2 protein chains.
Amino acid sequence: MSTSRERMVEAAFALFDEQGYDATTVDQIVDRAGVSRSTFFRAFGAKEDVIFPRHEDLQARIAARLTTGTPQSYRVALREAAGLVLTQYLEEGQLALSRYRLTRTVPALRDREIASMLGYQRLFREHARAWLAELGGPDVDLHAELLAASVVTAHNVVLRRWLRGETDDPWHEFDDAMSSVLTAAPGPQATSGTTVVVLRSGQDLDDVLPALRNALRD
Amino acid sequence: MSTSRERMVEAAFALFDEQGYDATTVDQIVDRAGVSRSTFFRAFGAKEDVIFPRHEDLQARIAARLTTGTPQSYRVALREAAGLVLTQYLEEGQLALSRYRLTRTVPALRDREIASMLGYQRLFREHARAWLAELGGPDVDLHAELLAASVVTAHNVVLRRWLRGETDDPWHEFDDAMSSVLTAAPGPQATSGTTVVVLRSGQDLDDVLPALRNALRD
DNA sequence: TGACATGTGAGACTGGGTTTCACCAGAACG
DNA sequence: CGTTCTGGTGAAACCCAGTCTCACATGTCA
């Protein structure tokens with residue numbers, strides 16, 4: 001027995017796929033799902049919300065990761081917090097692809113997606129502001145804002161490439177993109193002759209060995 | 001005799017100010033303006049649009065400025081194109097402040113404002129992509145995206161400071177912010193011993209003299 | 001004068017979202 | 001065992017943004 005919520009999501013995506021988002025009414029969705037309008041609006045609040053599964057969770061996890069950052073280690077915190085977003089999308093798989101198709105074609109949904117991304121950016125910005133303030137330096141607000149925008153933008157570039165099927169190894173591209181953005185950021189740099197390697201747990205050792213050799217050869 | 005459009009805008013801002021955006025219905029607006037609902041929706045298309053005066057104009061001017069850029073001079077093009085946006089807001093004056101008050105409190109309007117900003121960002125991105133491609137170098141897409149995001153973000157930081165009344169010299173802060181963002185961008189750098197000065201026409205010479213002396217002293 | 005464009009008004013209609021009341025299951029408790 | 005409380009549900013009325021269609025009034029041009 002599936003829950004009402006699941007049936008509504010399923011019915012909505014199916015109908016959106018068949019006849020488009022605008023042409024689909026909430027009444028059609030609830031009819032196919034076998035529930036009432038009341039149930040729909042109680043569960044989602046708005047028609048748009050069927051598509052965007054609760055990112056309060058994700059937002060909370062990002063905040064949690066960011067709060068463990070320090071002015072010395074904040075670049076890693078930013079990288080991993082952005083990685084949480086990428087992880088979320090990769091795990092959603094087919095659902096993320098369906099949503100991408102919709103957000104590309106329906107302006108209202110595109111705006112909604114952008115707004116949620118800016119929600120993440122806001123978290124990055126606020127934490128970055130605190131870290132940069134502790135490090136000292138001029139124009140903390142501006143640089144915190146720029147840092148947050150760059151991290152989110154870099155993430156989005158990689159994410160969109162994956163959504164368009166233009167890459168098979170999003171994590172590799174993600175790491176490169178984050179390096180582009182974060183190496184220029186202020187703070188203590190790795191001493192020459194010292195290489196800091198960040199490993200994602202669950203990764204196959206053989207897969208990372210070439211990268212390790214490469215890093216140590218420089 | 002004022003036009004219908006002007007009366008509707010006036011009535012809308014007054015009502016939004018008196019009782020808030022959501023609590024104001026289109027019927028109230030057209031009643032006060034002495035026109036019909038038909039006229040309203042023909043003129044603006046949607047309730048939100050009363051607040052955002054057509055930025056197709058601005059978008060076109062930005063595009064025009066960007067198309068005159070070259071891979072050698074693109075940083076100036078970006079800076080001045082962003083300057084067009086700032087100019088627009090500064091010239092709107094009181095109207096921009098009213099809009100800012102609304103966009104801060106009404107989510108729907110905030111999203112709308114963000115979407116229009118992303119429209120500008122898109123122009124920057126597409127032109128930056130072309131310039132960076134001509135210059136050569138890795139990851140053109142990523143860096144074009146980052147450059148556009150940084151320019152827009154830097155502009156927004158200054159704009160918001162002005163909207164909040166936190167600065168009396170937005171142009172000075174704008175120049176600094178753009179320098180922060182653009183000096184690290186790829187391309188030919190100014191030769192040591194050569195100082196390039198960009199002057200806005202209509203500016204008082206006495207105002208810029210100190211900055212000129214300062215620049216030449218380095 | 002007649003044809004045509006433009007701006008306007010009136011009113012019906014669709015559909016998203018809210019609100020209110022009612023119902024019913026199951027858990028908790030005496 | 002009956003009751004009471006609670007969470008999930010349904011029914012229906014309601015509000016309002018936005019669309020559509022028809023009508024009318026003012027031009028302007030031929």
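To find a chain, count down the sequence lines: A is the first, B the second, and so on, and within it residues start at 1. If you're wondering where the values come from, they're calculated on a predicted model, not measured in any experiment.
- Each of A/Val106, A/Leu102, A/Leu109 was checked for a side chain to side chain contact (heavy atoms under 4.5 Å, CB included) with A/Glu48, and the lone residue meeting it is A/Leu109.
- Remark: A/Ile62 CD1 to A/Thr67 OG1 distance equals 11.5 Å, nearest 0.5 Å.
- Ring orientation note: the planes of B/His127 and B/Trp131 are tilted relative to one another, at an angle of 30° to 60°.
- Counting to the nearest Å, the P atom of D/dA17 and the NZ atom of B/Lys47 are 5 Å from each other.
- For the pair A/Asp49 CG and C/dG16 C1', the interatomic distance rounds to 12 Å; values are reported in whole Å.
- Remark: the backbone N or O of B/Thr25 is paired with a side-chain donor or acceptor of B/Gln28 at under 3.5 angstrom.
- Both A/Gly45 and A/Ala23 lie near DNA chain C, and the one whose nearest nucleotide falls closer to the 5' end is A/Ala23.
- In this model, the phosphate group of C/dG11 is not approached by any side-chain N or O of B/Ser38 to a distance below 4.0 Å at OP1 or OP2.
- When rounded to the nearest whole Å, the span between CZ of A/Arg37 and C1' of C/dG16 equals 7 Å.
- Whole-Å rounding puts the B/Gln19 CD to D/dC16 C1' distance at 14 Å.
- Protein atom CG of B/Asp22 is 17 Å distant from nucleotide atom P of D/dC15, rounded to whole Å.
- Taking a 4.0 Å limit (strictly below) on heavy-atom distances, residues 102-114 of chain B does not reach DNA chain D anywhere.
- B/Thr39 has a side-chain polar atom (N or O) that falls below the 4.0 Å cut-off from OP1 or OP2 of C/dG9.
- Relative to the side chain of A/Phe41, the nucleotides D/dG10, C/dG9, C/dG16 differ in distance, and C/dG16 lies closest.
- Set against C/dG9, D/dG10, C/dG17, the side chain of A/Ser36 has D/dG10 as its closest nucleotide.
- Taking a cutoff of 4.0 Å between a charged side-chain nitrogen and a carboxylate oxygen, A/Glu113 and A/Arg110 do not qualify as a salt bridge.
- A salt bridge links B/Glu126 with B/Arg129: at least one charged nitrogen is closer than 4.0 Å to a carboxylate oxygen.
- One interatomic measurement links the two molecules: CZ of B/Arg7 to P of C/dG9, which rounds to 8 Å at whole-angstrom precision.
- Put simply, CZ on A/Phe40 is 15 Å from P on C/dG15, counting in whole angstrom units.
- As a whole-Å value, the separation of B/Phe44 CZ from D/dA17 P is 15 Å.
- The backbone N or O of B/Gly69 sits nowhere less than 3.5 Å from a side-chain atom of B/Ser73 that would complete a donor-acceptor pair.
- Between D/dA11, C/dG16, C/dT8, one nucleotide has an atom nearer to the side chain of A/Thr25 than all others, and that is C/dG16.
- Within 3.5 Å, a donor on the side chain of A/Arg42 pairs with an acceptor on the base of D/dG10, or the reverse.
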